[in-house]
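This report refers to the structure that appears directly beneath it.
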Amino acid sequence: MPDTLTILGLESSCDDTAAAIVRLGPEECAQILSNVVSSQTDLHARFGGVVPEIAARAHVEKLDLCTETALADAGLRLADCDAVAVTAGPGLIGGVLAGVMFARGLATAAGLPLLGVNHLAGHALTPRLTDGLGFPYLMLLVSGGHCQFLLVRGADDFMRLGTTIDDAPGEAFDKTARILGLAQPGGPSVEAEARSGDPGRFALPRPLLNRPGCDLSFSGLKTAVLRERDALMRDGALARQDRADLCAGFQAAICDVLAEKSRRAIALARDAGAGAFAVAGGVAANGPIRAALVRVADEAGLPFSAPPLALCTDNAAMIAWAGIERFRLGHRDDPGLTARPRWPLDATQAPRIGSGKRGAKV
Ligand code: KG4
Ligand code: ZN
């Protein structure tokens, strides 16, 4: 094994095209040499959601540019890298395929090993890149496309403790924003609006809270917001304060559910030796949600880890890092690597079906 390991990572599984270079130096010192993300938010904005065909085409157009920029930012040539790592799933198939085919071409042309990375593993292993967390630890992945509690026991050893049975929380934020006429992405809009709202005015549900276990559900909450909005609008237009109160009530419900389910997941993970509670995904950017999760970790006496926002949301540094972890374990993929739209991290758990920003839930 060389004393430094430099890996180019590529990500194209949803609506961000990304390329990054991460180097692992002596004494486990990891460094992000470059991290380029080209967002497609503007391309999809008028459709109210990610359009898979548009996403795939944009990835094809942007992958080489992002890669060139990532290499230039790092001051490296492709030949200076030790391997190419690419998201091989789960995600929107057209985008994943674009990334995999591009990575196959690069690796073959440069004679480099190829590593197919699970996108969820990229998120779940990020706290090792940012905070050097040791195994095992508990990870809560909360974004527009994912929601799961994972016990991370090794770089390719994950146990799913709970997952959403319908929407992801980011998706619920986005749909709530749409219902209330707020801008996308919905998370930041709802959070801003909630600041001047009364979280106690509407009695919104806390789905699955009275059921044991760590599974979650968010679609009923969004429907409850819709019902309250329709009732208010029967008396005329929605007043500014109504909207703020609905946002505050919705956000408080999400906080309560995530906090209680985290308590239960921590209890399970603790028994399995977890030494920290980590969170990743765009929803982890939400101030009150993050504060609620910090409180839960404090109550349990567990260290809390949340990567900086740029590494919480989709990026390629996490794919390069997961590639490093796989490379160190001796994994290499065949040049004929294929894209997997579904790829559960824990194959022993029954899949849950729901449809979201990324297509069917994994
Ligand atoms: O991780 P991410 O960038 O992409 C994936 O879905 O994988 O997460 C995006 C999601 C969106 O649904 C967005 O509304 C949500 O994260 N989000 C937030 C906040 N910022 C982004 N949700 C709640 N509060 C926020 N401040
Ligand atoms: Zn993601």
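All of these numbers come straight from a predicted model, not from anything done at the bench. Whatever order the structure lists them in is the order used to number ligands and atoms, beginning at 1.
Residues Thr6 and Arg23 bring a donor and an acceptor atom of their side chains to less than 3.5 Å of each other. In this structure, a donor-acceptor pair under 3.5 Å is absent between the side chains of Glu191 and Ser189.
In the candidate list Ala284, Ala177, Ala192, Gly187, Gly187 is nearest to atom 22 (N) of ligand 1, counting heavy atoms.
Within Asp314, the N, O or S atom at minimum distance from the Zn ion (ligand 2) carries the name OD1.
Relative orientation of the His119 and His123 rings is perpendicular, given thresholds of 30° and 60° on the angle between their planes. A perpendicular orientation is assigned to the rings of Phe277 and Phe304, their planes being inclined by more than 60° (bins at 30° and 60°).
In the vicinity of Gly282, heavy-atom distances shorter than 4.0 Å reach the ligand 1 atoms 1 (O), 2 (P), 8 (O), 16 (O), 17 (N), 18 (C), 19 (C), 20 (N), 21 (C). Ligand-side atoms of ligand 1 in range of Thr313: 1 (O), 3 (O), range being under 4.0 angstrom from any heavy atom. Close contacts between ligand 1 and Gly145 involve ligand atoms 6 (O) [criterion: under 4.0 Å to a heavy atom]. With ligand atoms numbered from 1 in the order given, ligand 1 contributes 7 (O) to contacts under 4.0 Å with heavy atoms of His146. Taking every heavy atom of Asp174 and a limit of under 4.0 angstrom, the matching atoms of ligand 1 come to 11 (C), 12 (O), 13 (C), 14 (O). Contact atoms of ligand 1 toward Gly186: 14 (O) (distance under 4.0 Å to a heavy atom of the residue).
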>> I'd like to know whether Arg206 forms a side-chain contact (heavy atoms from CB on, under 4.5 Å) with Glu260, so could you lay out the CA-CA distance, the side-chain angles of the two residues, the decisive distance to 0.1 Å, and finally the verdict.
In response: CA-CA 10 Å; Arg206 267 68 175 154; Glu260 176 53 26; over 6 Å; no
>> Could you go through Gln251 and Asn286, starting from their C-alpha distance and side-chain angles, then the distance that decides it, and tell me whether this counts as side-chain contact (heavy atoms from CB on, under 4.5 Å)?
In response: CA-CA 9 Å; Gln251 188 172 267; Asn286 183 286; 3.0 Å; yes
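Using a 4.5 Å heavy-atom threshold, the side chains of Glu228 and Leu204 count as touching.
Annotation: Gly170 places an N or O atom under 3.5 Å from an N or O atom of ligand 1; distance criterion only. Considering backbone and side-chain N/O atoms, His119 never comes within less than 3.5 Å of an N/O atom of ligand 1. Considering backbone and side-chain N/O of Pro185, none are found under 3.5 Å from N/O of ligand 1.
Arg229 forms no cation-pi arrangement with Phe202, by the criterion of a distance under 6.0 Å to the ring centre and an angle within 45° of the ring axis.
Seen from the Zn ion (ligand 2), atom NE2 of His119 and atom NE2 of His146 lie 90° apart in angle, a value rounded to 10°.
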